[in-house]
Amino acid sequence: MCGLVGYIGKNNAKDILLSSLELLEYRGYDSSGIAIRINDSIVTYKDIGRVSHLRSIIKNNIYSNIGIGHTRWATHGSVNRINAHPHSSFDGRFTLVHNGVIENYLELKMMYLSDVDFISSTDSEVIVNLLSYFIRKCSIEEALRKLISVLKGSFALVIFDRDNMDRLYVIKNKTPLLIGKGNDEIMVSSDALAFINSIDSYICLDDMEYAILCKNSVKVFDSRGNIILHNEIKNDTNKEEISKGDYPYYMLKEIEEIPSCIERIRNKYIYEGCITIDESLLNEIRDSDIIYVASCGTSYYASLYFKYIMEKEYKKKVDVLIASEYIYSFEAIGRNPFIIVVSQSGETQDVISFVSKCKEKGLRTLCITNTRYSTLERECDYSLSLEARKEVAVASTKAYVNEVVLFYFLEKAIMNDINRVVVDIDELLISVKDVISRNKEIDNIVKQIVSKDHLYYVGRELGYYGSLEAALKLKEISYIHAEGLSSSELKHGSIALIDSSFPTIALIDNMIDELLVRSNLQEIKSRDGMTFVITYSPFYKDGDSLSLKLVDSSLRIIPLVVVSQYIAYKCALLKGNDIDKPRNLAKSVTVL
Ligand code: M6R
């Protein structure tokens, strides 16, 4: 959450900062701001709203070769201009941008800054004032180290110093901070995406490190002031990957990229009929007596799929955890547990904190992620990549699909059962492509639900897990309140809400569950509830809403969820919502 950027170099910092912030806007978009050097002053521009608005309030003819920028997802203090970043210290010496949360900011305020008049309600303003306070008695490096030693929480900071306007200081703890090196220019950012236009390679700072950046030099130190050297990573982010092309929204583009994502993950993990997953990883999983999978949001719903197939087919106990619920209380049961975490971004703080807890206990970890060199990838013992390429829309679509496909490969590899893998993937591709080509048929459902306030998605087993994800997607971008339920659970309470204004969409994925789900739908109809059925062709009955091409494996959850992604997208479109940047949300959730 929050995107930050800093620039020193030969180009106009204002332009670089603004275009980088546009690329980082998916991380937060309540407000935005930049601070740049103009002659001998640091000048700050900030306001609520998107980066495009910020652009419109800054004069075109301003030139600067150094500056910092920020796009905010509010944590402390409401969304207003004063709380927007950058923030400056009481004496005007330091100006900073911050991503993260300072847990002890009130304590620090009382301890060191009782005579400072604060302007904003943010924790970030405490940091910048602390630096001005510490510098009174020591050098800048000592002051930076002192700052690191007193701050508790997560912080990526980029700091501008009025008394030395040719450099920037950066500090990192528990939230990403990358330093990119180009030709006569240095950039710093929360995501390599911001480097796309000019930076060839970058380094990732580790926790509790700080760095001093000048136009031609980067010096990194640990919290005791020892010099640290990091390996450089080539910046291979591809411009095409993050372009919207002819699509009106990233979400639609990303849904329609699903077949190519499936092909890419198949090509990565299937070679000459074998699954190419590290045998030592497979053995560790096989040797474990219980597997814990921890994740959040959509990744959590994909994790439930793994539990389902592992317990049903491999007969191994899998416990799926909402990562945030177990940060403090996780106690692994079993002699030899194995931990898997799943995160599209690889930067979800709830999951990172869970992994830290597991590492303290000496547990072995696998991370499944879409983001190379992410914090989770670096923290875990093993990692498997999702190959979905950058997902920009806040609503996760293609990454969910590849999470399920990767889990399918993992389970087949653990079981050493590769017989049907190629056929299953081919069948899946045919069915998903068919959904995409016939997506107009979904409009009929959309028309009837778009004006409703509430909706249930129901199913059983895989259909139930698909319903959970379908409901999240609908809430997230169309703002229709939705719940995913096992259809059999309706009669235990939820059916009380059903009336003619409360629709239910059933996801029917197999013959055994079909009869039960249909009988639960009858109970809804008897109470005037409106019902829709999305199912595969062999189970299709007159009056159903959509018949899909059969997928005869556990991957059948995917086409049903893809339909629900279209439903969410189309509802949001009709309502005129900001589909890629839904209200109150951000793509990368880097706070606890
Ligand atoms: O990057 P992650 O997979 O760790 O993100 C987890 C959730 O924040 C994410 O899936 C969220 O629920 C999506 N916006 C759902 O579309």
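We count ligands from 1, going down the list as the structure has it; atoms in each ligand are counted the same way. Note that the numbering runs from 1 along the sequence shown for the chain. Because the structure is a prediction, the values reported are computed rather than measured.
Both cation-pi conditions hold for Arg583 and Tyr479: the charged atom is under 6.0 angstrom from the six-membered ring centre and inside a 45 degree cone around its axis.
The side-chain hydrogen bond (donor to acceptor under 3.5 Å, both in side chains) pairs that include a residue from residues 386-395 are Asp191-Lys390, Ser385-Glu387, Glu391-Ser396, Glu391-Lys587, where partners are two or more places apart or lie in different chains.
Considering CG of Leu151 and CD1 of Ile102, their distance stands at 4.5 Å, rounded to 0.5 Å.
Centroid-to-centroid, the aromatic rings of Tyr292 and Tyr326 stay 6.0 Å apart or farther.
Nearest heavy atoms, Ile445 versus Ser545: CD1-CB, 3.7 Å.
No side-chain donor-acceptor contact under 3.5 Å links Ser356 and Glu360.
Listed by chain and residue number, the protein contacts of ligand 1 are Cys296, Gly297, Thr298, Ser299, Ser343, Gln344, Ser345, Thr348, Val394, Ala395, Ser396, Leu472, Lys473, Glu476, Val589 (heavy atom within 4.0 angstrom).
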